[in-house]
Structure formats: C-alpha cells, structure tokens
Enquirer: 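Let me give you the structure first, and then I'll get to my questions.
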Amino acid sequence: NIKPIENALDKVMRLKGVYFDWKKNKQHDIGMIAEDVGEIIPEVVAYEENGKDAKSVDYARLSALLIEAVKEQQKEIEQLKAEVSKLKFRSIK
C-alpha cells in the first residue's frame, strides 16, 4: 500500500513555523503548533488518549513531505526557465 505524497508543496505552504516558550521551563524554542500540523498532516502528530489533544510532532517524518515539495517546486522552476528561454528567443528575433 505505497502511494506518492501528492500536493506536498501545498501542504508545506500551509504549515506555519513559530517561536515559542515552553511552559515548564520558559525556554525559548522554535517549532510548529501540533494541532495546526495535525489538520494538514495528521500522520506526524501524536495525540493524547482522548484523540483530540495533540502532544507532539514527529519532525523527522516531515522530511518525506519536504523532499516531495522540493521536487514539485523544482518542476515548476524548470517550467518557468523554459518559458523565460522561449520569451528571450522570441525577443531576439
């Protein structure tokens, strides 16, 4: 049951990185709000037993999504480069 990750770039664009301070020790940190991530990519979020409250994000598992997003973005870049090349060629004529 293997399927490619579709619309990876769209999912990445919907994620939001934040700065925050931990409640326990007031330590400043960086990350994402687990509940927000769970709405976009529930597979990487661990929930409390009630199934509603998010308790953590498995950041390492986001790498698969990021790889596919970079590939989608590269495809767009290549298409845009080809269009620019065509436009440059037309303007030279």
Enquirer: Let me have the donor-acceptor pairs involving side chains of residues 1-11, under 3.5 Å, with sequence neighbours excluded, atom names and distances please.
Expert:
| from | atom 1 | to | atom 2 | distance (Å) |
| --- | --- | --- | --- | --- |
| Lys11 | NZ | Glu6 | O | 3.1 |

Enquirer: Flag yes if Met32 and Leu66 sit in one hydrophobic cluster, no otherwise; membership is Ile, Leu, Val, Met, Phe, Trp, Tyr, and two members link when side-chain heavy atoms are under 4.5 Å apart.
Expert: yes
Enquirer: How does the hydrophobic cluster around Tyr19 look, that is, which other residues are in it when side-chain heavy atoms under 4.5 Å mark a link?
Expert: Ile30
Enquirer: Between side-chain atoms of residues 76-86 and protein atoms elsewhere (two or more places apart, or another chain), which donor-acceptor pairs fall under 3.5 Å?
Expert:
| from | atom 1 | to | atom 2 | distance (Å) |
| --- | --- | --- | --- | --- |
| Glu78 | OE2 | Gln74 | NE2 | 2.6 |

Enquirer: When you look at Leu65 and Leu15, which way does the side-chain contact (heavy atoms from CB on, under 4.5 Å) test go after all the steps?
Expert: CA-CA 11 Å; Leu65 177 72; Leu15 293 172; 4.3 Å; yes
Enquirer: Do Val37 and Tyr59 share a hydrophobic cluster, counting only Ile, Leu, Val, Met, Phe, Trp and Tyr and linking them when any side-chain heavy atoms are less than 4.5 Å apart?
Expert: yes
Enquirer: Would you name the heavy atoms of Asp58 and Arg61 that are closest together and state the gap between them?
Expert: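 Taking every non-hydrogen atom into account, OD2-CD, 2.8 Å.
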Enquirer: Which pairs count as salt bridge (Lys or Arg N to Asp or Glu O under 4.0 Å) when at least one residue sits in residues 21-31, sequence neighbours excluded?
Expert: none
Enquirer: Check for me, please, whether Val70 and Val12 land in the same ILVMFWY cluster - side-chain distances under 4.5 Å, paths through other members count.
Expert: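 Different hydrophobic clusters.
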Enquirer: Working to the nearest 0.5 Å, report the span between NE2 of His28 and CZ of Phe20.
Expert: 9.0 Å
Enquirer: Using a 3.5 Å cut-off and no angle test, enumerate the donor-acceptor pairs between side-chain atoms of residues 40-48 and protein atoms at least two apart in sequence or in another chain.
Expert:
none

Enquirer: Just jot down the salt bridge (Lys or Arg N to Asp or Glu O under 4.0 Å) partners of Glu68, sequence neighbours excluded, or say none.
Expert: Lys71
